Amino acid sequence: MDLSVRLNRLELPNPILVASGTFGYARELAAFVDFKRLGGIIPKTVTARPRKGNPAPRTIETPSGMLNAIGLDNDGIEHFLKHHVPHLLRLGAPLIVNIAGHDAEEFVALTERLNDVDGLAAVELNISCPNVSGGTDFATDPRLTARVVSDVRRVSRYPIIAKLTPNVTDVTVIARAAAEAGADAVSLVNTFTAMAVDWRRQRPILGNVTGGLSGPAIKPLALRAVFATARSVDVPVIGIGGISSLDDVMEFLVAGASAVQIGTANFYDPTVTMRILDELPDALRTLGADRVADVVGTIQLLDRPARPPQLAD
Amino acid sequence: MRSMSENLPTGSGSVADDSLAAWFSELPGLVCDATWAVGHVVERERMARETYRLRIECPAIAARILPGQFVMLRPAEGTDPLLGRPFALFDVADGPDGTARQFDIGFVVVGKLTRRMSRWEPGCPVAVWGPLGNGFPTEYQGHLVCVAGGIGQTPFLAVAREALGLRRYGSPPRQPASQSRRVTVLYGVRSAELLAGVEAFRTAGAAVFVSTDDGTQGHRGLVTDLLAAMLGQPLPAEQASATTEAVRNLPRPDRILCCGPEPMMQAVARLANEHGIPCWLSLETPMACGFGACFSCVVRVREQDGWDYRRTCVEGPVFAAERLAEW
């Protein structure tokens, strides 16, 4: 079956991507993943200058989820271009570089550096990291979102994905701003701002006090955000949020996602993407589809369900 | 460590070339032939209070894992607990064909997953991935001293057996760079009822000296008192004991390996440094993935121009003591 998907200017061999920050620089998963089968690889967020990141503890498990406050620990764009990109480009999967800047000018400068590299598939704008200043604030304001996206769109030779935060009253407003400013696609959701407390020591558990919640716990929240966004913007939506199985993937596609990113599941089940790719064609055939786009957004709202809804197991 | 050419992934055909190999080998604890698998519990043994040994059937990991490496474990089903937890190799066990098919880990009950693990019965399916991390260097020469605090003793059984030539680990079985003439384990716990695996160490040929915080066995006090005595440092009379005087007569350590709580490892690193003895520390930091993807398990490592956070899982978990900043 043809699994390829088209997200405006971005064409991908299949809809199964791996989310930034959950796949290192890919080499870390070499033992578990046949990279060339992936629909896209999105390495950890790159910033203009090296960042040490946040003090430990940086992660803590919560019920069916985890909090992270890594703090965009990375060695900066120059190191990334010299050290990782030449290798990443040879892994056989589309390479989508995720960048974060303090302001629109920094996003533009990063984009211009990426223009110097041949062979990228797209640029994903992390305007939604909850753990650094100059992160979430872009994607909580439609005007700031539009400004960053349109400035980047003006200079970028590559398709643009705007990665959005769910920590807003109405994510569809932000998504529309990104779409109208020229984003080829929007990806959502980034993590939900959250915290964990050690009451005995009367302290927050994370070194950064707060962090972002991810994992299966957020899947229903993410599904709702993707569903609502897909119905209100003209650009494709890439679904993210607690996806850890084929069923999760199909739920997001049917709800309106044109592709998905697997995130936290890579940590505890690093072969999950390979299994999903094995199983995806059969699931599409179950719905009578010949290609992925046939099922995207096919959720039925008016008819009564054909059979009683199944309780989640 | 095996050479990276042996570690290159077989699944990603395009990856096996020199420049990519160099990219991988920058991370000494990145194991390119690690496996993710569903194994199962073979046996569970209570070793001490709230302390257990689990034997897991997983030939792909058992055949390759090396002393000081670790695995990540989680329930095969469900999402709570969600993430794997790291467990150091305790030892491996052979199948009928004489190759390792099972591995043992030791753990103490501290939280949600370990509580559940303490009830896992034989046959219980377990998601497991590994081997992970760099393991201890195999220059075991002379008198090897392993300093363990609490459950930090688990890595040292396989170390002792390999260092004394009783067992070879890995596939193909590796030859250590050099063997030890003598292995001594200095083992500190809060109380005697927490001592786990002392007989196994003695069976492996290691001498074991114990300290307890409450004096219920061996030296009453810190395990670092034992190391200080072995290094010839005078101890105040109230800190001396039969055990400190026994270790005082042992030969000077040629190499120190250490695993335990951070303050203990810091003290051991300082003592080793003062006496000019090479010292390696096996760190345990909270990990979400165990293979370098999440950047949770960072530790401050010395750099030319200060320090940087480095991932314990793929740059360790074993570090030369002098590499760690602020230690």
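Letters A, B, ... are given to chains in the order of the sequence lines, protein chains preceding strands, and every chain is numbered from 1. All heavy atoms count here, side chains included; hydrogens, waters and symmetry mates do not. Because the structure is predicted, anything quoted here is derived from the model rather than measured.
Sparse packing is recorded around CZ of A:Arg224, with 12 or fewer heavy atoms of other residues, nucleotides or ligands lying under 6.0 Å away. Atom CD of B:Glu284 is surrounded by 12 or fewer heavy atoms from other residues, nucleotides or ligands within 6.0 Å.
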### Message
Is there a side-chain contact (heavy atoms from CB on, under 4.5 Å) between B:Asp308 and A:Asp75? Walk through the geometry before answering.
### Response
CA-CA 10 Å; B:Asp308 196 11; A:Asp75 293 325; 4.0 Å; yes
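Of the listed residues (B:Pro81, B:Gly111, B:Cys294, B:Gly290), the greatest number of heavy-atom pairs within a distance under 4.5 Å of chain A belongs to B:Cys294. Between chain B and the options A:Lys44, A:Glu28, A:Arg37, A:His84, the largest number of non-hydrogen pairs under 4.5 Å is found for A:Glu28. When each of B:Val298, B:Val314, B:Thr285 is checked for heavy-atom pairs under 4.5 Å with chain A, B:Val298 comes out on top.
When all heavy atoms of B:Ala34 and A:Ala31 are compared, the closest pair comes out as O-CB, 3.4 Å. Contact record, B:Tyr309 with A:Asp73: CB-OD2, 4.0 Å, taken as the closest heavy-atom pair. The two residues B:Gly84 and A:Tyr268 have their closest heavy-atom pair at N-CB, 4.3 Å. For the residue pair A:Ser64 and B:Leu82, the shortest heavy atom distance occurs at C-CD2, 3.9 Å. Scanning both residues, B:Ala288 and A:Met66, for their nearest heavy atoms gives CB-CE, 3.9 Å.
Looking at B:Ala127, neither its backbone nor its side chain comes within 4.5 Å of chain A, counting heavy atoms on both sides. If you measure heavy-atom distances from B:Thr35 to chain A, the contacts under 4.5 Å come from the backbone alone. Using a 4.5 Å cut-off between heavy atoms, B:Trp307 touches chain A through backbone and side chain atoms alike. Neither the backbone nor the side chain of B:Arg310 comes within less than 4.5 Å of any heavy atom of chain A.
With hydrogens and angles ignored, the 3.5 Å screen pairs a side-chain donor or acceptor of A:Arg58 with a backbone N or O of B:Phe295.
In this structure, B:Ser296 and A:Phe267 have side chains that are not in contact, with every pair of non-hydrogen atoms separated by 4.5 Å or more. When side chains are defined from C-beta on, B:Asp80 counts as touching A:Glu61, because their heavy atoms get closer than 4.5 Å. Between A:Arg90 and B:Ser19, the closest side-chain pair of non-hydrogen atoms falls below 4.5 Å. At a threshold of 4.5 Å between non-hydrogen side-chain atoms, the residues A:Asp269 and B:Arg74 do not count as touching.
The distance from atom CG of B:Leu20 to atom CZ of A:Arg27, rounded to the nearest 0.5 Å, is 10.5 Å.
Side-chain contact, B:Trp23 with A:His83: no donor N or O sits under 3.5 Å from an acceptor N or O.
If you look at A:Phe32 and B:Phe291, their ring centroids are closer than 6.0 Å.
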